[in-house]
Each structure stands twice: as structure tokens, then as C-alpha cells.
Amino acid sequence: MVIRVALPIPLRVHFDYLCDSEVQPGCRVLVPFGKRELIGIVWQLNPSDSYDATQLKAVTQVLDQTPVLAAPIRQLLSFAADYYHHPLGDVLTSALPALLRDGKNADPVKGHSYQLTEAGQHLTAEQFKAAKKRLALWQQLQQPQTESQLLEHFQRKELQYFIDQGWALVTPLLYGPYQTAAEQQKSLPLNPAQALAVTAVQQALGSFSCFLLEGVTGSGKTEVYLQAISPVVKAGGQVLVLVPEIGLTPQTLARFEQRFAVPVGVWHSNMTDLERFTVWQRCQTGDLAIVIGTRSALFLPFLKLDLLIIDEEHDSSFKQQDGFRYHARDLAIKRASIQCCPILLGSATPSLESLANVQQGRFAHLELPDRAAGQLMPSVELVDLKQQQMLHGMAGLTRQRIEQHLKLGQQVLLFLNRRGFAPALICHECGWMTECHRCSAFTTFHKQSRQLVCHHCGATKGVPHQCGGCGSTQLAPVGQGTEQLEEQLQQLFPAHRVTRLDRDSTRRKGSLQQALDQILQGEPQLILGTQMLAKGHHFPNVGLVVIIDVDSALYSNDFRAPEQLAQLLTQVSGRAGRGSQPGKVLLQTHYPGHALLQDVIQNGYASFARSALKERQQTFLPPFMFLALFRVEAHQLELCKEWLQQVADHYKNWQQVQLLGPLACPMERKAGKYRWQIQLFAKDRKQLHQSLDSVLTEISRWSLSRKVKWQLDVDPQDLN
DNA sequence: AGCACGCCGACT
DNA sequence: GTCGGCGTGCTC
């Protein structure tokens with residue numbers, strides 16, 4: 001038999017082999033490949049267009065009796081490899097845990113079970129005499145026990161003694177479908193909008209359909225998730241909940257675990273290979289009812305997946321930013337269609353893509369208008385920075401407001417999306433600034449560690465005493481970062497604690513959690529942080545949120561920047577006033593009349609999104625246009641340009657696809673390499689994808705392609 | 001990606 | 001005279 005095998009190499013082709021033994025698609029095989037041996041996945045049996053049969057090598061070993069990749073997953077992966085034009089071998093890497101890629105046995109053994117033999121059952125307590133430990137073990141073994149249960153109280157050699165005596169025997173304990181159970185904790189009462197949403201999803205169970213659940217923070221989205229899940233886990237089905245990278249908080253997990261008496265698993269990037277493998281197996285065997293995980297959980301092999309939930313569906317961390325650049329939300333929709341189950345996308349600030357899908361009738365729209373607990377929405381105040389006396393990056397009014405809220409015994413949250421002390425050091429004599437040698441960027445001054453750090457390539461060096469241009473010793477920090485603001489806030493408000501939360505202050509393991517716990521105790525204080533504060537965390541005692549610098553996001557050349565700013569504003573508004581009082585949001589800007597700001601503030605996100613969508617339509621941007629991007633990196637600028645020019649030349653044949661470029665990436669040099677790009681727009685998705693197929697075949701033929709590092713990004717999230 | 005082959009410069 | 005640099009080709 002000839003089999004077609006997908007191999008872990010970055011080539012967009014399959015390889016054919018001979019195989020005498022029984023195999024099914026989705027099984028792993030060990031095959032000779034050049035001078036090497038590789039583990040591949042059987043992709044097709046007896047392909048009609050097989051490679052010259054006389055040239056075929058034979059499979060060395062079949063590693064699985066049953067497929068590690070079941071048909072639905074293979075269908076998903078195959079679709080993904082086509083859609084993102086990514087080598088299948090790399091795509092498979094996302095779907096298999098490392099241990100399986102390395103050839104580990106995939107049999108789902110949970111552990112070992114000990115039970116008494118006939119001889120063991122006929123023993124009596126008296127026979128143990130003074131052997132108290134053995135008596136206790138015997139008593140516990142009246143019921144079959146897992147090895148791990150027994151090892152809590154007994155030593156391994158005691159277990160072995162029972163086996164040697166023929167009193168007990170060991171059997172492998174296999175994973176299997178979980179025991180369904182009723183809810184542990186009673187569900188909360190629903191308001192009419194929530195009830196409508198729950199009913200809609202529940203009625204859709206068993207068939208493919210997409211729902212967009214739009215509800216502001218505090219409107220009770222999680223309760224809708226939980227009640228939508230309820231009938232699924234009562235019927236023995238499985239649910240996948242995808243969350244953004246930072247959203248995987250212990251509280252979220254606890255809420256799911258407390259509600260249902262069924263096994264809940266988690267999946268995220270901090271797990272060990274063995275932990276991942278175990279979750280993978282428990283999914284495959286149906287042992288886990290619910291999995292909460294970040295984007296790659298999308299590829300887990302569920303036995304009976306009946307519902308998908310994507311929380312914070314607008315979040316950009318669902319798009320992988322290197323290698324296989326897939327969007328987990330988009331692929332999740334594909335997966336739901338393959339599995340014939342509903343998918344629920346939830347957000348307070350839906351992506352424009354999803355809203356367009358609602359408008360075009362592809363998604364059903366479920367709205368939760370009210371804050372569940374009936375709190376008031378926070379009020380937003382714009383602080384016009386023009387001609388203001390600024391102190392430490394804050395206008396007088398801003399400082400007053402902070403003071404007022406501290407006096408009221410509330411906490412104040414400040415956002416500044418720039419870590420470090422200052423974005424650069426500047427020479428007071430000649431204007432020279434500290435630059436990274438390898439990137440087109442300045443190096444950030446970190447005062448505490450006394451270092452200059454490039455935030456783009458990670459290079460660090462000591463702080464110079466002299467200007468690199470004129471030799472002057474007059475070097476001063478320019479601009480403001482969180483480290484500096486922390487110091488300044490402490491000076492301005494010496495009576496209050498200032499907590500800074502950014503990548504630097506939370507580097508030590510557990511220090512983030514420690515800071516969050518301390519904040520939750522509610523003492524009036526200033527909390528200051530970067531983007532990492534914006535998502536997921538709940539601070540009930542925060543009465544005021546200040547956004548120090550709105551302007552840098554207002555005027556960005558990234559077409560998604562307005563959308564992201566509107567999302568940030570809405571999300572942080574949700575952070576304020578979750579307790580009894582309504583919160584306040586303060587925005588510092590030089591452009592208080594800016595249409596986007598006005599629209600979001602006065603009419604809310606939904607209104608903003610409607611106008612933003614119209615604008616995207618008029619300017620021929622996604623989601624009304626399909627976009628793909630070729631990026632190329634090389635040490636020599638000329639190689640970048642030449643390679644892209646060849647791509648551009650190829651596109652002369654494709655009238656339906658519009659080109660923008662070749663042009664430099666927003667950050668032209670990074671880690672010593674030049675970076676250029678070409679943007680491809682098409683009205684017709686099919687045309688775009690056909691053109692990509694054809695240009696990729698060309699690219700693989702060019703010898704220039706090996707002197708540069710290039711990548712294709714389909715549906716890019718940002719143009720960097 | 002890896003691995004081999006092959007052709008040119010600087011070393012024990 | 002070799003060792004090893006990386007350009008090029010190939011992997012069913």
C-alpha cells in the first residue's frame with residue numbers, strides 16, 4: 001500500500017511511502033527521510049497521484065494503532081494549512097503535544113488501579129496481628145484504589161508486598177468519558193436579555209451556528225456561558241472555552257469548577273510537556289468535560305465537542321504572531337462547522353470583523369444591555385492638555401481628581417503604555433538620543449537597573465556618561481515611562497501606596513498575584529500599569545481610571561489603532577465602579593474634539609463600531625477587503641527590496657489583486673536586520689488565495705529566497 | 001529544516 | 001598540503 005505522509009519539515013508538499021501493515025490516516029509513522037528518520041502523520045491512503053512507485057521507500061515503523069489526529073482535526077488542520085498557506089508539517093506541530101511529536105506512546109493510561117484478589121478478600125483482620133500498616137492497607141483495599149491514592153498513605157514496598165503475596169493485583173486504569181453530574185452550585189437568576197441569549201444557544205445545540213454575545217463588563221456574560229454549557233455537560237458532551245493569553249486567571253477557572261461537578265482542564269503556555277500531554281489525552285478520551293485554554297487549545301482532540309466559547313473574541317492575542325500565523329477565533333468557527341456545533345463569541349467590544357458578520361447575517365447577535373447588578377455606567381471626562389501647566393505628565397485637573405478620589409477612600413488606576421523610566425536619554429547640548437544599534441528605535445532608560453534597554457530586540461547596555469555625538473556629559477531622560485510615573489506619583493501623594501504593574505515589576509514569579517491580592521484588600525492607593533492592567537482583572541474599589549496618553553493611539557498609521565483604542569477605553573471604563581458607586585474615567589488628550597473620542601464617549605462602542613465599519617468599507621479595508629502581507633528580513637537592504645520586487649513582478653499577472661509596496665515595515669530595522677513588506681488587497685478572497693498559491697510556487701524556486709527570511713501573513717493583525 | 005556535496009581562502 | 005566557510009541541491 002502507498003501512503004501519503006505529512007512530515008515536520010517546512011515544505012509545502014507531502015511525501016509518499018510504502019507500508020505493508022495496517023494503518024489509518026492520522027496515525028504516526030517513523031519513516032526514512034534522506035539520511036534521517038522522521039516521525040510523520042499518515043495523511044492519505046493510496047493517493048491517486050502518487051510519486052513514482054519505484055522510488056518509494058518503506059515505512060520503518062507504524063507508531064499508532066488508532067489515529068492521534070482524528071478526522072475532524074485533520075480536516076481543520078488541512079483547511080488551516082491551505083488558508084494560511086503554511087507548510088502542513090508546521091501546522092501539525094501546533095496540534096500535537098511535544099511528547100507525541102517525539103514518539104511517546106499515545107495510549108491513554110491514567111495510572112494503575114489496585115484491588116484485592118480472591119485470596120486477598122479471604123483474609124481476616126486478625127491475620128495481620130501487629131502489622132498495623134498492612135491492616136490499614138487491607139482495609140482501604142476493600143474498595144479498588146488508584147496507585148496515587150494509596151501512595152498518599154503507604155509506601156510502594158507495602159503495595160509490592162501485597163502483590164507478592166498474591167493478595168492484590170494491579171490493572172491499568174484507563175481514561176474514559178467523564179461522569180455527568182448536575183450542577184454543584186445553583187445558577188444565578190437571569191435578566192431577560194441573558195435568558196434570551198442562553199435559550200438561543202441551547203436551542204442551537206447539535207447544529208452549526210455562530211452567536212455574537214455583546215455585553216459590557218459586568219453585564220453577566222460569564223453567567224450566560226455557564227448556563228449555555230449546563231445542558232452540554234449534563235448530556236456528557238464537551239465544551240471548549242478559549243480565552244486571551246492573560247485572561248486565564250484562577251478566578252475564571254474556579255467559577256467553572258464550582259458550578260459543575262465535572263472535570264475541568266486548563267491549557268496554556270506555562271504548562272510542562274507532561275501536563276499538556278495529560279490534558280490532551282483526557283480530552284481525547286472524553287475524561288474532561290470543559291477545557292479552558294488559550295489559542296492552541298483550539299487543536300485539542302475532543303471526543304464529543306458540542307459547544308465552543310470564545311471569550312473576549314476581539315482580543316488580538318488570538319492571532320499567533322509568528323510561525324504558523326493563524327487566528328484562533330476564525331479557525332474556531334471552522335472547527336464548529338466541522339463538528340456541527342454552535343460557537344459563542346463573547347465580548348464587550350466586538351471586533352469589526354464579527355460585527356460585519358452580524359450585519360451580513362452570518363452571526364446571530366445577542367445583546368446584554370444592562371449591568372447585571374444595576375450599577376451606573378462610569379462617566380468619562382476629557383482633559384484638554386492644550387496650554388495646560390503639566391506636572392509629571394499630568395494636568396492640574398487630573399491631579400485634583402486623583403486627590404479627590406483618594407480622599408473618598410477609593411483606589412485610582414492609571415494607564416501608561418510605556419514601561420521603563422524614560423523612552424530615551426537626550427543630549428542637552430546637541431540633541432543626540434540613545435539609539436539601539438540594531439533596531440530603528442531608541443533605547444529605554446531603566447533607572448532601577450541602571451540600564452539602557454531596547455524593547456524591540458532586548459539588547460541591554462550600561463548607561464553612558466557621555467553623549468555619543470558631542471561628548472557632552474549633559475544627558476537627561478526624555479519622555480515618561482511607568483517607572484518614572486511611579487516615582488512622581490509617590491512624591492505627589494506621599495500618604496498613599498503606589499503599586500506599579502508592568503512586565504518589569506512582575507518579573508518574579510507570583511509577584512503579580514501578590515500585588516493583585518494586595519490591591520483587592522481595598523486600601524486607597526494608586527495603581528499604575530501598562531496594557532497588562534487593561535484586561536481581565538477586576539478591582540472593585542477603583543473609583544477613577546486615568547489614561548495618561550490617549551494621543552499616541554489616536555494618530556497611528558495602523559488602520560486597526562482606532563478600533564483598539566475604542567476597545568481599550570470601553571474595557572477600562574468597565575474596570576471602574578464595579579462596586580456600589582459608579583466609576584469615573586479621565587482621558588488626557590490634546591484633541592478633545594477628535595471624532596473617534598467623541599463618538600465612543602457619547603454614544604458608546606456600538607455606535608463607534610458602526611461608523612468605523614462604514615469607514616472601512618469606504619476605504620477598502622478589511623473586513624470588506626481581504627488582506628495578506630509578505631514580509632522579508634535580511635541583513636542587506638538590497639536583498640529585501642530585490643526579493644519583494646520579484647513578488648511584485650509576479651503580481652503583474654493578477655489584475656484582481658492590488659499591491660501596496662514594496663515598502664519599509666513601520667520598524668524598518670529590528671535586531672540588526674532590515675524589514676520590508678508588500679501588502680496585497682483583494683475584493684475576492686478566492687482570487688487572493690489563488691494568487692498566493694501561484695506566487696508561493698514561484699518563491700520556492702528562487703535561490704534568493706534562501707538568502708532572506710520571508711513570511712506570509714494572511715489576515716494580518718498589525719502591519720509591523 | 002537538516003544534511004551532503006562542492007568549491008574557495010587561511011592555517012597547523 | 002588540509003580544515004572549514006557557506007552557496008546549492010535534495011529529501012518520497
Side-chain angles (χ1 to χ4, degrees), chain A residues 1-64 67 69 74 77-78 80-82 84-103 273 296 299 320-326 630-643 645-646 671-674 696-713:
Chain A
M1 175 170 58
V2 177
I3 59 171
R4 179 152 289 179
V5 179
L7 292 170
I9 47 169
L11 298 176
R12 287 169 172 77
V13 287
H14 298 97
F15 289 85
D16 295 341
Y17 288 88
L18 292 170
C19 186
D20 321 321
S21 29
E22 266 306 299
V23 266
Q24 298 163 49
C27 291
R28 291 170 302 165
V29 283
L30 188 64
V31 295
F33 188 72
K35 295 272 149 92
R36 299 180 282 165
E37 270 197 328
L38 295 177
I39 294 173
I41 303 286
V42 179
W43 209 245
Q44 203 186 342
L45 305 182
N46 298 312
S48 54
D49 56 340
S50 101
Y51 196 74
D52 177 6
T54 59
Q55 309 264 333
L56 294 184
K57 291 185 184 172
V59 166
T60 311
Q61 197 190 339
V62 175
L63 297 175
D64 297 306
L69 294 177
R74 293 203 307 279
L77 295 171
S78 168
D82 286 347
Y84 293 102
H85 299 269
H86 198 82
L88 188 65
D90 250 22
V91 173
L92 297 186
T93 303
S94 319
L96 277 187
L99 292 179
L100 289 182
R101 290 201 300 273
D102 297 343
D273 285 350
S296 57
F299 300 111
Q320 177 130 63
Q321 288 293 15
D322 51 71
F324 170 32
R325 298 171 161 261
Y326 65 98
F630 277 107
R631 270 189 214 91
V632 59
E633 285 179 12
H635 286 287
Q636 292 126 293
L637 176 58
E638 278 315 307
L639 292 178
C640 291
K641 288 188 182 173
E642 205 180 316
W643 189 85
Q645 193 50 53
Q646 283 181 229
K673 284 177 168 173
Y674 286 93
L696 284 167
T697 327
E698 290 285 309
I699 287 171
S700 63
R701 294 201 188 107
W702 305 337
S703 63
L704 185 56
S705 296
R706 301 207 280 158
K707 297 181 186 126
V708 299
K709 227 182 127 184
W710 64 271
Q711 54 189 357
L712 169 61
D713 195 344

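So that the names make sense, note that chain A is the first sequence line, chain B the second, and so on, each numbered from 1. Computation of the quantities below employed the complete heavy-atom set of this structure, encompassing side-chain atoms and omitting hydrogens, waters and symmetry-equivalent molecules.
Checking A:L63, A:L38, A:V23 one by one against A:V29, the side chain to side chain contact (heavy atoms under 4.5 Å, CB included) holds for a single residue, A:V23.
The side-chain hydrogen bond (donor to acceptor under 3.5 Å, both in side chains) search around A:H14 returns none, not counting sequence neighbours. Looking at residues two or more places apart in sequence or on another chain, you find a side-chain contact (heavy atoms from CB on, under 4.5 Å) between A:L77 and A:W43, A:L69, A:I73, A:V91, A:L92, A:A95, A:F299.
Atom-to-atom, CD of A:E37 to C1' of B:dA1 comes out at 17 Å; the value is rounded to the nearest Å.
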message = What does the B/S/- profile of nucleotides 6-12 of chain C look like, 5' to 3', with a 4.0 Å heavy-atom cutoff to protein?
response = --BB-BB
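By the 30° and 60° cut-offs, the orientation of the rings of A:W710 relative to A:F630 is tilted.
Surrounding CD of A:E22 are at most 12 heavy atoms belonging to other residues, nucleotides or ligands under 6.0 Å away.
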